Amino acid sequence: MINKRKVRLMARTAMYLKHEGTEDIPKSKYYRKDYVSLHMWLTAIAVTIAYFLLLILIACCNFENLINRLTTMNYTVLLVVIILGYIAMMLIFMFIAYFVYSYRYTESESGIRVYQNRLARIYKLNKEDMKKIK
């Protein structure tokens, strides 16, 4: 006879695996520190590229002004402003990335724990069914 409890448990497990499991299971292959640091490195690369693109865009928009002030511009101040802007932008985004990816990992960790508990219960129910058959 069909065990309704086992069917419900298997259905919930399959639904988790189909929806949240596709994102959570790859995260479970990493330790928390490794997962967060990998994504922080990716964030740092993305912020660097975005900052240089932003500088190029600002330079293109103010190109005529830059050409007119080319000889009278204080390059030391300009360089300090560019570097400080980069550092500030990097710190802000790294701070945000750390908390976002830590939170995502923690959430997926609890989902994986529930998934593993369900698999253990299914295994136990299968074992009991096998004993009944013998």
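The structure displayed is predicted, hence computed values, not measured ones.
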Excluding sequence neighbours, so at least two apart, what forms salt bridge (charged side-chain N to carboxylate O under 4.0 Å, His left out) with Asp129? Lys6
Should Leu55 and Val47 be counted in the same cluster of Ile, Leu, Val, Met, Phe, Trp and Tyr side chains packed under 4.5 Å apart? yes
Step-by-step side chain to side chain contact (heavy atoms under 4.5 Å, CB included) determination, Leu53 to Ile49: CA-CA 6 Å; Leu53 289 175; Ile49 292 169; 4.0 Å; yes
What about Tyr98 and Val100, same hydrophobic cluster or not, with Ile/Leu/Val/Met/Phe/Trp/Tyr joined at side-chain heavy-atom distances under 4.5 Å? no
Closest non-hydrogen atom pair between Gly21 and Pro26, with its separation: O-CD, 3.9 Å
CZ/Arg8 to OG1/Thr13 distance, rounded to the nearest 0.5 angstrom? 13.0 Å
Distance check, rounded to the nearest 0.5 Å: Arg32 atom CZ versus Ser102 atom OG? 4.0 Å
Which distance, rounded to the nearest 0.5 Å, do you find between the CG of Leu17 and the CE of Met10? 12.0 Å
Just by modelled atom types, is the Ile25 backbone N or O under 3.5 Å from a matching donor or acceptor in the Ser28 side chain? yes
Value rounded to 0.5 Å, distance of OH in Tyr101 from CZ in Arg104: 5.0 Å
Find the distance between CG (Asp34) and NZ (Lys27) and round it off to the nearest 0.5 Å. 15.0 Å
Quick one: do Val114 and Tyr103 end up in the same hydrophobic cluster if we chain Ile, Leu, Val, Met, Phe, Trp and Tyr together by side-chain heavy atoms under 4.5 Å apart? no
When rounded to the nearest 0.5 Å, the distance separating CE of Met130 from NZ of Lys127 is 11.5 Å
Side-chain polar contacts of residues 73-91 - donor-acceptor pairs under 3.5 angstrom, sequence neighbours left out - could you list them?
from  : atom 1 : to    : atom 2 : distance (Å)
Asn74 : OD1    : Thr76 : N      : 3.4
Tyr75 : OH     : Leu70 : O      : 2.5
Tyr86 : OH     : Thr48 : OG1    : 2.7

Students often mix this up, so state it plainly: with edges at 30° and 60°, are the rings of His39 and Tyr35 parallel, tilted or perpendicular? tilted
Does Met40 belong to the same Ile/Leu/Val/Met/Phe/Trp/Tyr cluster as Phe99, with side-chain heavy atoms less than 4.5 Å apart forming each link? yes
Around Met94, counting heavy atoms of other residues, nucleotides and ligands shown, do more than 12 lie under 6.0 Å from its CE? yes
Answer with yes or no whether the side chains of Tyr16 and Asp24 bring together a donor and an acceptor at under 3.5 Å. yes
Mark yes or no for whether Tyr105, through its side chain, and Tyr30, through its backbone, hold a donor-acceptor pair below 3.5 Å. yes
